[in-house]
Amino acid sequence: MNRFGKALTVGIAATVALAMTGCGPDTSGSAGSSPSSTTDFSGVQPAKEISFWGNHPGNSIAFETEMAKKFQKKTGIKVNIVSAGSNYDEVAQKFQTAQVGGGAGDLVVVSDATWFSAHLNGSIAPVDEVFKAAKLDTGSYYKSLYDDYSYEGAHYAVPYARSLLVYIYDKDAFKKAGLPDKAPATWDQVEQYSKKLKAANPKQIPFTWASDTSYVSWGVTSLLWANGGDWSNKWDFSPMTSDKTISSLTFAQDSVKQGWAQVLNGDPSTVFGSGAIAQMINSSGGISGIKGAAKFNVGVGVLPTGLTGDTKIVPSGGAGLAINAKTTPAKKLAAAMFADYLTSSADTVDFSKITGYVPVRTDADTASLTAANPDFQAVLDSLKRLRPQSYARVLVPGGASTLDSSLMKILVDKADVKQTMTAAQTTIKGDYEQNVKK
């Protein structure tokens, strides 16, 4: 029996009925009726100038600036590109603060972990009615990506800089360690490969987990799913302390204790590019930057499977485009037009080539992506393995932060796994009951 099998034998019977379906936003509409229109667009013409707030994901400021110029030439609408933060959280904080003081952007980047809080605060408008008023079609967005922003019958953003997790490795290090030139297929292989890599080059970190500043809970999500664990099942938070979740997190903790993995502060991709790391799980949106910085051959593969054998273990992420609920109807229309333009079938392919983010339109020419970069096939393969994220992480305000800080206690401080996750469960359940539950 493999290492995970031994760890998970106890308690399997008690948890076999645990739902393993993906936990993304409720798209059934059963939690409430579709919100009524809040804006009268009768006779309204698009504004001649708007602002777009973001953090330029994937170093995309040049792309966004060029798109704004082309959009103005085509429509006569000027778009002011505003750097509203260095990451998604900073943009969200600045946007919410500006809602009170005024001057918030008309179009804003929202991440998988920030859009729902913005919705609860009444800061972003349902995009359905705005796109309809602007006579724009949302039908060609990948449904799984578009529905990530759906709640109670409405969508609150459109997909833009959408990413997913891939396995990134140092091909040269693999060759030196006598390993095959492909990503490990299972988590048992991750451990085996890491130990061989450490023996071949003790100065190189075999495998790294992200830190709380780089959304460690995002990557660990896949580990849980691969082995039957989860953060929640919709609004049921009991999976967070299930035997399978605890065993999976114990495996992660043991990887650090045994020395074949480490946790790095900051962005692991920067350290990886220097050659100090052999393997990591990272956003597809970082592939371009990583390969550009690395002085060695970089490999890209799909995420490893685990005990369940399930391949639907890839959590999506990244960001969408939301419209300021408090801006004028004219600016809402113009914002929708620019959002549609940025994410058109042609532009989403160009954006993917530049950044590594996934195409968000079903009619996008993905053949040109793999022709220009064969490694992008792993990203497209991973797109077929997507599973919506757990409510506990992306819909409970502060849920991702709670999980990130809890994982740092487990991985860095070597805290008791069960006790730490029980405390996290209590915190997240309280945040849900205070901020979300009706």
Side-chain angles (χ1 to χ4, degrees), residues 18 20 22-25 87-89 92-93 111-117 120 148 163-165 208-253 255-256 261 263-268 280-283 303 313-319 387-436:
L18 181 64
M20 293 200 233
C23 298
N87 56 47
Y88 298 137
D89 290 337
Q93 292 168 8
S111 79
D112 59 340
T114 63
W115 78 265
F116 192 66
S117 294
L120 291 178
D148 277 343
S163 58
L164 45 75
L165 290 173
T208 184
W209 301 102
S211 71
D212 54 342
T213 60
S214 296
Y215 313 109
V216 59
S217 60
W218 189 30
V220 172
T221 293
S222 182
L223 169 67
L224 300 192
W225 288 347
N227 294 287
D230 210 335
W231 302 124
S232 66
N233 178 14
K234 292 191 174 182
W235 298 123
D236 173 15
F237 305 111
S238 61
M240 197 180 303
T241 53
S242 71
D243 289 339
K244 292 182 179 181
T245 295
I246 299 306
S247 294
S248 297
L249 297 181
T250 300
F251 171 84
Q253 185 182 71
S255 72
V256 180
V263 179
L264 295 179
N265 288 324
D267 184 1
M280 66 176 180
I281 290 175
N282 207 273
S283 168
L303 297 185
I313 55 171
V314 179
S316 60
R387 176 171 166 177
Q389 289 199 59
S390 309
Y391 281 24
R393 184 175 185 274
V394 296
L395 294 194
V396 176
S401 296
T402 297
L403 293 174
D404 288 339
S405 61
S406 298
L407 287 173
M408 292 300 285
K409 293 176 183 177
I410 290 170
L411 297 174
V412 177
D413 300 334
K414 312 300 188 297
D416 183 87
V417 178
K418 182 75 172 183
Q419 291 179 3
T420 302
M421 294 314 300
T422 299
Q425 182 185 63
T426 300
T427 298
I428 288 177
K429 184 177 181 180
D431 289 339
Y432 159 70
E433 292 177 345
Q434 180 177 352
N435 299 308
V436 182

Original post:
Should the ring pair Y432 and W235 be called parallel, tilted or perpendicular, given that the plane angle runs from 0 to 90° and is split at 30 and 60?
Top reply: parallel
Original post:
Looking at T208 and P268, what are the two nearest heavy atoms and their distance?
Top reply: CG2-CB, 4.1 Å
Subject >> Counterpart residues, side-chain hydrogen bond (donor to acceptor under 3.5 Å, both in side chains), relative to T241 (two or more places apart) >> reply: Q425
**OP:** For residues L407 and D212, determine if any side-chain heavy atom of one lies less than 4.5 Å from a side-chain heavy atom of the other.
**Re:** no
Subject >> For S248 against L224, the heavy-atom pair lying closest together >> reply: CB-CD2, 3.5 Å
Original post:
Is there a side-chain contact between V394 and F116, using heavy atoms and a 4.5 Å cut-off?
Top reply: no
Original post:
Do you know the tightest heavy-atom contact between A424 and M240?
Top reply: C-SD, 4.0 Å
Original post:
For residues S247 and T250, is any side-chain donor paired with an opposing acceptor at under 3.5 Å?
Top reply: no
Subject >> Considering all heavy atoms, the nearest P397-L120 contact >> reply: CG-CD1, 3.8 Å
Subject >> Closest heavy-atom pair and its distance - W231, S217 >> reply: NE1-O, 3.7 Å
**OP:** State, with a plain yes or no, whether a side-chain heavy atom of K244 is found less than 4.5 Å away from one of N227.
**Re:** no
**OP:** Kindly compute the distance separating OG1 (T221) from CG (L403), expressed to the nearest 0.5 Å.
**Re:** 7.5 Å
Subject >> Side-chain heavy atoms of P315 within contact of L303, under 4.5 Å >> reply: yes
**OP:** Would you tell me whether S316 and D148 have side-chain atoms, one donor and one acceptor, within less than 3.5 Å of each other?
**Re:** yes
Original post:
When you check the side-chain N and O atoms of T114 and S117, is any donor under 3.5 Å from an acceptor?
Top reply: no
**OP:** Would you check if R387 and V314 make a side-chain contact, meaning some heavy-atom pair closer than 4.5 Å?
**Re:** no
Original post:
Hey, does M280 have a side-chain heavy atom less than 4.5 Å from the side chain of L264?
Top reply: no
**OP:** Determine whether the side chains of D230 and S390 contain a donor N or O and an acceptor N or O closer than 3.5 Å.
**Re:** yes
Subject >> Close side-chain approach of Y215 to V220, heavy-atom, < 4.5 Å >> reply: no
**OP:** With V396 as reference, evaluate I428, N435, T402 under the side-chain contact (heavy atoms from CB on, under 4.5 Å) test and give the passing residue.
**Re:** I428
Original post:
Does a donor on one side chain and an acceptor on the other come within less than 3.5 Å for W209 and S255?
Top reply: yes
Original post:
Can a salt bridge be assigned to the pair D404 and R393 using a cut-off of 4.0 Å between side-chain N and carboxylate O?
Top reply: no
Subject >> Nearest non-hydrogen partners of A415 and Q253, listed with the distance >> reply: O-NE2, 2.8 Å
